[in-house]
Each structure stands twice: as structure tokens, then as C-alpha cells.
Amino acid sequence: MDTLKIGIIGAGVVGSAVIRILMENKDIITARAQKHIEVAKVIVRDKLKAQNTLKGLNIPISDDIEELFLDDSIQVIVELMGGVELAYDIARRSFESGKSFVTANKAMLAYHRYELSQYGLPMGFEASVCGGIPIILALKNGLSANHILAIYGILNGTSNYILTQMREFKESFETALIKAQELGYAESDPTLDISGGDAGHKLLILASLAYGINALPEQILIEGIEGITPDDMEFAHEFDYVIKLLGIAKKEGDCIELRIHPAMINKESMIGKVDGVMNGISVIGDCVGESMYYGAGAGGRATASSVISDIIAIARGDSAVQLGFSKPLEAPLKLKRAEDIYSRYYIRLYALDKPGVLGLVSQILGRHNISIDAFLQKETNKEHIAKMLFSTHHCFEREIESALSEIHKLDSITQKPYKIRIEA
């Protein structure tokens, strides 16, 4: 039986898990790949640390990345180091060396997936979106007969855990974040997770597969969960919603709508029941209808499972880049502007507790073609300050932004208005 030799860059949580699973499950992997898969070399920054991590595994370790490109026996390079530009350079050089490439690096792909697709060589990136969930495979193969009408995804486990804690235990955002850090779900610097950036990278990869659109993170609407409070959770509970950091990709005519932001969704919906650190993705196709993909979105072994699935696919010869760029999937599609988003909204206002405030707010909303759907007004723990929580009927993003800007200027409004889109 033939042997497929691979070189791995990075021996951290995921890299070491890939090596150990290749050894532990060698028989079943060989049977499915129809080739022996051999780790020819591991490239690391710190050789001593890697030797301790991989102790007893008898894997050649080096800190010279050039060895991978110069070794003609290595057929696949697996990049598990992170970063953007250096990882892109490694991918580019892998292809220029005639080698296939596998990565779990969603940030690099968010910026450079179009350039890499032009090489036309096998590239595996299943692990770049939602760890162990085979959503890339589903979009590339299982749903390939469908026009993808929409994708709704909970794409970041850290944010989902924080929001679950806030809902179930009535914790503040700050308390829930500290707990996530203590449990290892959030980094010491959690910015990329809670700001929506991580989920945005993943959404762009999914949108490439579904629509062949080459958008960059700076071109789409990305908002995080930092501003959510127990008051918002209270409103959501009152009206049978849950709040999730939601990734949305929708096709409307010749426009693609891409956005990441907190959203209120029906608590009984499939995606509304995805809690804790789990991820979930709902895909709506014109033939199959709605299908749901659920599972661990992170973790060494879950992510390694997806990395190895790509290596096996390359070994079998059934892997291709297939990002929708080489041959456009549909007629040219353009990215919808954020100001043209049409949605329902939840609004939180803190105002002086005096007569006439609601009337002024309603007048401003009316001038911007916005009508109120549901309303709650309650006292706060601050004397003479009331909280006004309400939802609107559908309106355009530009209308709600203009209205809230005007409301913020009222003397009776004590804090900047806060909004959450309603996707129910």
C-alpha cells in the first residue's frame, strides 16, 4: 500500500492531537484513506517544548520550515500555527512547491482564500469553521444540488457560552466572561471572540462556498456581544426569545447579505436551542429545505478530526479547492450594504422617569417610518431613571440608525440607545 507523507507546522493543542489520532486510529484511517499516512516532520518554534509535548511519539522535529518545501517526499503540508500573513505565505509556497495544503486557519482564509483558490491544487480547510462539525463538506458535496437560500450560524462557542450563562443564571456580561476564562473557554484577551471577529472569519468562508463571493471582514457588518445586559435578557425571556451571536448569510435577488451580530431568535427554533460552548449551523437550500449541523466548535481532538478528514480526502484523490471562484456559481452577485438591511429591532433606552418621554420617542420613530410592536417599561435601581424596552416592526437599518441618533440627543435620555436585531 502507498504512503502519503505529511509535514505539520505547529505542535500545539490541535497539532499534537492530529499526530496522536493518526497513531491511535491508524488502522481505520489507513482503511479509509487507502494509504498509510505518515508524519514525516513537525516544524515548531520551540523544539524543546515540542519534544516534551510529543515525547515518546518518535516524530522528527525541526524549527526550520524550509525543510518542508525542500523535501520532495512530503506531499501535504498541514498548517496549524495561526496568524494571517505568515500562514498565507506558507500556503502559497506549499502550492508553488507542488504540495497540497491543509489548514484550520479561518483568519488567513478570511483574507486570502481567493488568492489561494487560483492555484487549483488540493486544499483542505474543514477545520477552519466550527471545529469538528463537517459543514464545509456539507456545502461542498452534500448540498451541492441546491441553491443556498440562507445560512444561520452560531459560530463561536465562547460567545455562546457567555450568553447562555447570562440567560440561565442572570449573570452580567463581565461575570460570565470571567467564568469563561476560568474554564478555558475564553482567552486572556477575548477580543476576537466577543467582538464577533472570529465568527465573521468563519461566515466569509461559508459564504464563499455557498455563493462564490469574495468579501473581506472589513466589508461586512460585524458587531459583538459586549454591550448586552441582563435587561436585554429580561426582554428576550418575556417574549420567548433567546439572544445569540448569529452569523447570517442570505441571498436576495442579486445581493448577498452577510452579517454577524447579536440577535433575538425564537427560543423554540433549532438554532435557538444551541447552548453552552456548542456551535450550530442551519442551512436552507431550495431543494432540501432546512438542515441543521450541530457539534463541538473547538477543542484539540474535535478540530483534529476535521484536519485528518481533509488529509484522508487528499489521500483518496477526492479533494479539490472548490471555493466557487474559478467558475462562478451563479450570475455576478454583489454584497448588500449594511444600511439596506431590513429587519425588526429591539431597543433599550434609559430615560428620566417623567411624563411625555415615551411620546417624544414615538414621534421620532414615526418620522422615520418605524412603528413599535411590543413595549416594557420598568424602574431601575437608580432613582428617577426608567428603562424602556421595546421592539419594532420591520424597517431599514438606515431608518433605525437615524431615529436612534435623534433619540440620543433628547435631554431625557440618559444613555446611548442600544439595539439588537430580531431574527424570528
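Side chains included, hydrogens not; waters and symmetry mates left out as well; all remaining heavy atoms used. Quick note: residue numbers are just sequence positions, from 1.
Counting heavy atoms of neighbouring residues, nucleotides and ligands inside a 6.0 Å radius, atom CD of E383 does not exceed 12 of them. Annotation: E187, atom CD; neighbour count of heavy atoms from other residues, nucleotides and ligands within 6.0 Å does not exceed 12.
A search for side-chain hydrogen bond (donor to acceptor under 3.5 Å, both in side chains) contacts involving D373 returns R344, not counting sequence neighbours.
Looking only at atom types and distance, the side chain of S291 has a donor-acceptor partner in the side chain of Y293 under 3.5 Å away. Side chains of Y342 and E399: a donor-acceptor N/O pair is absent below 3.5 angstrom, by distance only. For S159 and N156, the side-chain atoms include at least one donor-acceptor pair closer than 3.5 Å. With 3.5 Å as the limit, one finds a donor-acceptor pair spanning the side chains of S208 and R113. Side-chain atoms of E397 and Y345 form a donor-acceptor pair, as typed in the model, at a separation below 3.5 Å.
Between the side chain of E79 and the main chain of A104, no donor-acceptor pair closer than 3.5 Å is present. A side-chain donor-acceptor contact under 3.5 Å links T158 to the backbone of Y185. Using a distance-only test at 3.5 Å, with no hydrogens or angles considered, a donor-acceptor pair links the side chain of N146 to the main chain of V288. Here the side chain of N52 pairs no donor or acceptor atom with the backbone of K49 at under 3.5 angstrom.
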From CA spacing to verdict: salt bridge (Lys or Arg N to Asp or Glu O under 4.0 Å), D275, K244
CA-CA 9 Å; D275 285 334; K244 299 292 183 182; 2.8 Å; yes
Test ring pair (Phe, Tyr, Trp, His ring centres under 6.0 Å) on Y346 and F235 and set out the steps.
CA-CA 9 Å; Y346 153 84; F235 182 93; 4.8 Å; yes
Working for side-chain contact (heavy atoms from CB on, under 4.5 Å), residues S100 and L121:
CA-CA 6 Å; S100 301; L121 290 170; 5.5 Å; no
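Remark: I6 CD1 to L22 CG distance equals 5.5 Å, nearest 0.5 Å.
Just one residue in the list K251, K250, E257 forms a side chain to side chain contact (heavy atoms under 4.5 Å, CB included) with K336, and that residue is E257.
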